[in-house]
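Report on the following structure.
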Amino acid sequence: MSSQSLQSAWHHLMLLSKVSPEEKVVVLGSLSGRNRYKDVALRVLDDMGAAVSYVEVGNPHRVSASALPALRAAGLIVDLTHSHDPVFRQLGRDGVRTLTAVEPPEILLRMLPQASDKTRVQHAQSCIRAAKTMRVTSPAGTDFEVALGELNGNCQYGFADDPGHWDQCPGAFVVTYSNDGSAQGTVVIDAGDMIFPQKEYVHAPITLHLENGYITAIEGGMDAKLLKATLDAYRNPEVFAVSHLGWGLSRNSRWDALKYFDKAEIEGQDGRGHLGNFLFSTGPNLSGGGTRRAPMHLDIPLAGCSVYLDGKPMVLDGDVVSPEQRPS
């Protein structure tokens with residue numbers, strides 16, 4: 001791909017993120033990271049007249065005190081590290097926008113966000129916020145239900161335009177958090193579904209039994225044993241809790257993308273945001289306004305599911321039902 005096409009894509013992203021002349025923008029990198037978009041991001045932001053600076057940290061998941069003044073003074077942070085430091089939640093509450101970008105250029109350009117993606121994602125979010133229950137089924141055997149309304153949901157559409165909004169380029173999806181203790185039923189992770197952060201496809205079905213908001217049993221073959229061993233290793237019951245739940249709305253995503261990239265090169269936006277997937281996760285609920293902390297968080301994209309809110313279908317057998325949510 002040409003450097004011009006990448007530069008044009010970044011200019012597009014910064015316009016969507018409402019970068020204004022003289023706005024303070026920090027591009028955040030890490031000493032151990034690839035920082036693959038450092039040069040193009042700095043060049044585009046400088047051309048747009050932003051007051052741009054580059055800050056590099058040693059550990060992106062524990063931002064040093066010396067870096068905080070620059071981050072707090074920014075209107076927008078372009079995060080090339082995918083930091084999980086809780087300070088970003090506080091920065092968001094203070095109005096700082098953050099856009100994370102770590103996927104390879106091939107994925108970024110193929111799934112490049114458009115302004116209409118925000119409208120589609122927000123339509124899905126409005127449906128979730130109005131609902132009291134979510135039920136999910138699949139031909140593989142998934143059938144579980146949760147109550148909604150106590151916690152907040154989040155959405156992602158690939159750019160950071162509103163004050164305090166955190167987003168990641170280029171995926172699009174919507175998620176919510178179930179009421180504590182409400183998840184009941186069965187989740188079947190079928191062959192060909194994915195598990196993150198392992199970044200692997202499942203080879204044989206894994207059955208998760210849910211009771212009172214937690215995974216109480218894991219059944220299946222080798223994949224199931226490995227998943228159970230991973231969670232058991234933390235010796236913390238909260239890693240078995242049901243976390244965020246939602247569906248993918250990304251344009252031009254590919255379910256098979258994991259096969260064509262080195263694990264270290266990708267974060268998994270193709271799978272996490274795949275159009276019509278169901279995203280099941282485990283662990284903490286802090287991002288939804290809850291209080292549960294957990295040392296491990298799994299994201300599990302499931303294909304071919306049906307998702308119902310208060311009995312109304314949002315996704316049927318992996319197809320997004322609402323025309324307002326489908327890419328044009």
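Counted within 6.0 Å of NZ on Lys24, heavy atoms from surrounding residues, nucleotides or ligands total 12 or fewer; the atom is thus considered open. In the displayed structure, Arg293 atom CZ is contacted under 6.0 Å by at most 12 heavy atoms of other residues, nucleotides or ligands. The number of heavy-atom neighbours closer than 6.0 Å to NZ of Lys225, taken from other residues, nucleotides and ligands shown, is 12 or below. Heavy-atom neighbours of Arg62 CZ from other residues, nucleotides or ligands within 6.0 Å: at or below the threshold of 12. Within a 6.0 Å radius of CZ in Arg235, other residues, nucleotides and ligands contribute 12 heavy atoms or fewer.
With values rounded to the nearest 0.5 angstrom, Tyr177 atom OH is found 13.5 Å from Asn179 atom CG. Separating the CG atom in Leu245 from the CG atom in Leu148 is a distance of 8.0 Å, to the nearest 0.5 Å. Note that OG of Ser178 and CZ of Phe144 are 8.0 Å apart. Values are rounded to the nearest 0.5 Å. Asp161 contributes atom CG, which lies 11.0 Å from atom CE of Met14 (distance to the nearest 0.5 angstrom).
For the pair Arg97 (side chain) and Asp162 (backbone), a donor-acceptor distance under 3.5 Å is absent. With hydrogens and angles ignored, the 3.5 Å screen pairs a side-chain donor or acceptor of Arg36 with a backbone N or O of Val102. The closest donor-acceptor contact from the side chain of Thr216 to the backbone of His209 lies under 3.5 Å. No donor-acceptor pair under 3.5 Å is formed between the side chain of Arg135 and the backbone N or O of Val307. Between the side chain of Glu23 and the main chain of Ser20, a donor-acceptor pair closer than 3.5 Å is present. No donor-acceptor pair closer than 3.5 Å links the side chain of Ser281 to the backbone N or O of Asp299. Looking at His61, its side chain does come within 3.5 Å of a backbone N or O of His84 through a donor-acceptor pair. The backbone N or O of Ser30 lies less than 3.5 Å from no partner atom in the side chain of Thr81, so there is not a single donor-acceptor pair. A distance-only check finds a donor-acceptor pair linking the side chain of Asp193 to the backbone of Asp190 [under 3.5 Å]. Asn152 contributes no side-chain N or O that, together with a main-chain N or O of Gly289, makes up a donor-acceptor pair within less than 3.5 Å.
Clustering of Ile, Leu, Val, Met, Phe, Trp and Tyr by side-chain heavy atoms under 4.5 Å joins Val63 with Val26, Leu28, Val55, Val57, Leu68, Leu71, Ile77, Val87, Phe88, Leu91, Val96. Think of Val175 as one node in a network of Ile, Leu, Val, Met, Phe, Trp and Tyr side chains linked at under 4.5 Å; its network also takes in Phe173, Leu279. Members clustered with Ile107: Met111, Met194, Phe196, Tyr201, Trp255, Leu258, Tyr260, Phe261, Ile266, by chain and number, using a 4.5 Å side-chain heavy-atom cutoff among hydrophobic residues.
With contacts defined as side-chain heavy-atom distances shorter than 4.5 Å, the pair Val25/Tyr54 does not qualify. Taking the side chain as every heavy atom from C-beta outward, Leu231 and Leu298 approach each other to under 4.5 Å.
Comment: Arg272 engages Glu267 in a salt bridge, judged by a side-chain N to carboxylate O separation of less than 4.0 angstrom. Salt bridge present: Asp270 and Arg110 bring a charged side-chain N and a carboxylate O closer than 4.0 Å. A salt bridge does not link Glu56 to Lys38: none of the charged side-chain nitrogens sits closer than 4.0 Å to a carboxylate oxygen. The pair Asp117-Arg120 meets the salt-bridge criterion, with a side-chain N (NZ, NE, NH1 or NH2) lying under 4.0 Å from an Asp/Glu carboxylate O. Between Asp310 and Lys312 there is no salt bridge, since no side-chain nitrogen of the basic residue lies less than 4.0 Å from a carboxylate oxygen of the acidic one.
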>> Apply side-chain contact (heavy atoms from CB on, under 4.5 Å) to residues Gln269 and Ser253 and explain how you reach the verdict.
In response: CA-CA 8 Å; Gln269 289 294 291; Ser253 55; over 6 Å; no
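Linking ILVMFWY side-chain heavy atoms closer than 4.5 Å, directly or via other members, places Leu16 and Leu112 in two distinct hydrophobic clusters.
Under the 30°/60° scheme for interplanar angles, the aromatic rings of His297 and His244 are found to be tilted.
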